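All figures in this text were calculated on a predicted structure; none of them were measured in a lab.
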Amino acid sequence: MVKWIDVSTSKHKLSLFDGRRLLKVYPIAVGKMLTPSPSGTFTIINKDPNPGGPFGVLWMGLSKPHYGIHGTNNPASIGKNVSHGCIRMYNRDVLDLSARVPLGTSVYIHK
């Protein structure tokens with residue numbers, strides 16, 4: 001089976017699947033009204049450990065330029081619509097997710 005990621009912006013949940021089997025669910029923060037998270041299917045194209053600043057301990061870039069899944073230096077933001085469109089995770093969660101998914105993993109983002 002192929003691993004893929006489902007992101008529900010309305011539920012503030014990122015779900016990791018292996019085929020049809022749900023492996024893990026993580027709480028996330030998503031884009032705010034003026035800078036919403038993009039909808040559609042993208043792929044993880046790179047991983048950058050220790051990007052610094054608001055990106056926490058890890059950045060995973062998406063095939064849509066300037067968007068990614070990343071950690072945060074503001075854990076209180078998780079569960080809210082606060083980002084500039086990126087998918088924000090607790091640092092421990094983004095490290096766990098990154099260890100489970102290879103480059104090329106599909107990411108489906110929807111409401």
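Interatomic distance, CG of Leu58 versus NZ of Lys47, reported as 7.5 Å (0.5 Å rounding). In this structure, NZ in Lys3 is found 14.0 Å from OG in Ser106, a value given to the nearest 0.5 Å. With rounding to the nearest 0.5 angstrom, the CG atom of Asn91 is 8.5 Å from the CD1 atom of Ile78. Between the OG1 atom of Thr105 and the CG atom of Leu62 there is a distance of 10.5 Å, given to the nearest 0.5 Å. One finds the OG1 atom of Thr41 at 12.0 Å from the CD1 atom of Ile5 (value rounded to the nearest 0.5 Å).
Heavy-atom contacts from other residues, nucleotides or ligands closer than 6.0 Å to NZ of Lys111 number 12 or fewer. For His110, the NE2 atom is densely surrounded, since the number of other residues' heavy atoms within 6.0 Å is greater than 12.
Taking all atoms of both residues into account, the shortest heavy-atom contact from Val101 to Met60 is CG2-SD, 4.3 Å. Among all heavy-atom pairs drawn from Lys80 and Ala76, the shortest one is NZ-O, 2.7 Å. Heavy-atom minimum distance, Val107 versus Val7: CG1-CG2, 4.1 Å. Across all non-hydrogen atoms, the minimal contact from Asn74 to Ser77 is O-OG, 2.7 Å. Contact record, Thr9 with Ser37: CG2-CB, 4.0 Å, taken as the closest heavy-atom pair. Here the closest non-hydrogen pair linking Pro27 and Tyr90 is CG-CE1, 3.6 Å.
Cluster membership for Trp59 and Ile45, using ILVMFWY side-chain heavy atoms within less than 4.5 angstrom, is not shared. Under a hydrophobic-cluster definition in which Ile, Leu, Val, Met, Phe, Trp and Tyr are linked whenever side-chain heavy atoms come within less than 4.5 Å, directly or via other members, Phe42 and Met89 are assigned to the same cluster. In the hydrophobic cluster analysis, where Ile, Leu, Val, Met, Phe, Trp and Tyr join through side-chain heavy atoms closer than 4.5 angstrom, Leu14 is grouped together with Ile44. Residues Leu23 and Trp4 do not share a hydrophobic cluster, defined by chaining ILVMFWY side chains whose heavy atoms lie under 4.5 Å apart. Note on Leu95 and Ile28: same hydrophobic cluster, where clusters join Ile, Leu, Val, Met, Phe, Trp and Tyr whose side-chain heavy atoms are under 4.5 Å apart, directly or indirectly.
Thr43 places no side-chain N or O within donor-acceptor distance of the main-chain N or O of Gly104, the cut-off being under 3.5 Å. Between the Asn46 side chain and the Gly61 main chain, a donor and an acceptor come within less than 3.5 Å of each other.
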| task | Apply the test side chain to side chain contact (heavy atoms under 4.5 Å, CB included) to residues Ser15 and Leu22: give CA-CA distance (whole Å), side-chain angles for both, the deciding distance (0.1 Å), then the verdict. | result | CA-CA 7 Å; Ser15 303; Leu22 177 64; 3.7 Å; yes
| field | Derivation and outcome, side chain to side chain contact (heavy atoms under 4.5 Å, CB included), residues Asp96 and Tyr26 | value | CA-CA 10 Å; Asp96 181 70; Tyr26 305 91; 2.5 Å; yes
| side chain to side chain contact (heavy atoms under 4.5 Å, CB included) between Asp6 and Leu16: does it pass, once the steps are laid out? | CA-CA 6 Å; Asp6 178 271; Leu16 175 61; over 6 Å; no
| request: Take Lys24 and Asp93 through the salt bridge (Lys or Arg N to Asp or Glu O under 4.0 Å) test and state the conclusion after the steps. | output: CA-CA 10 Å; Lys24 192 149 185 189; Asp93 287 350; 5.5 Å; no
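No hydrogens or angles considered: nothing links the side chains of Asp48 and His70 as a donor-acceptor pair under 3.5 Å.
In this structure the side chain of His12 reaches within 4.5 angstrom of the side chain of Asn81, judged on heavy atoms.
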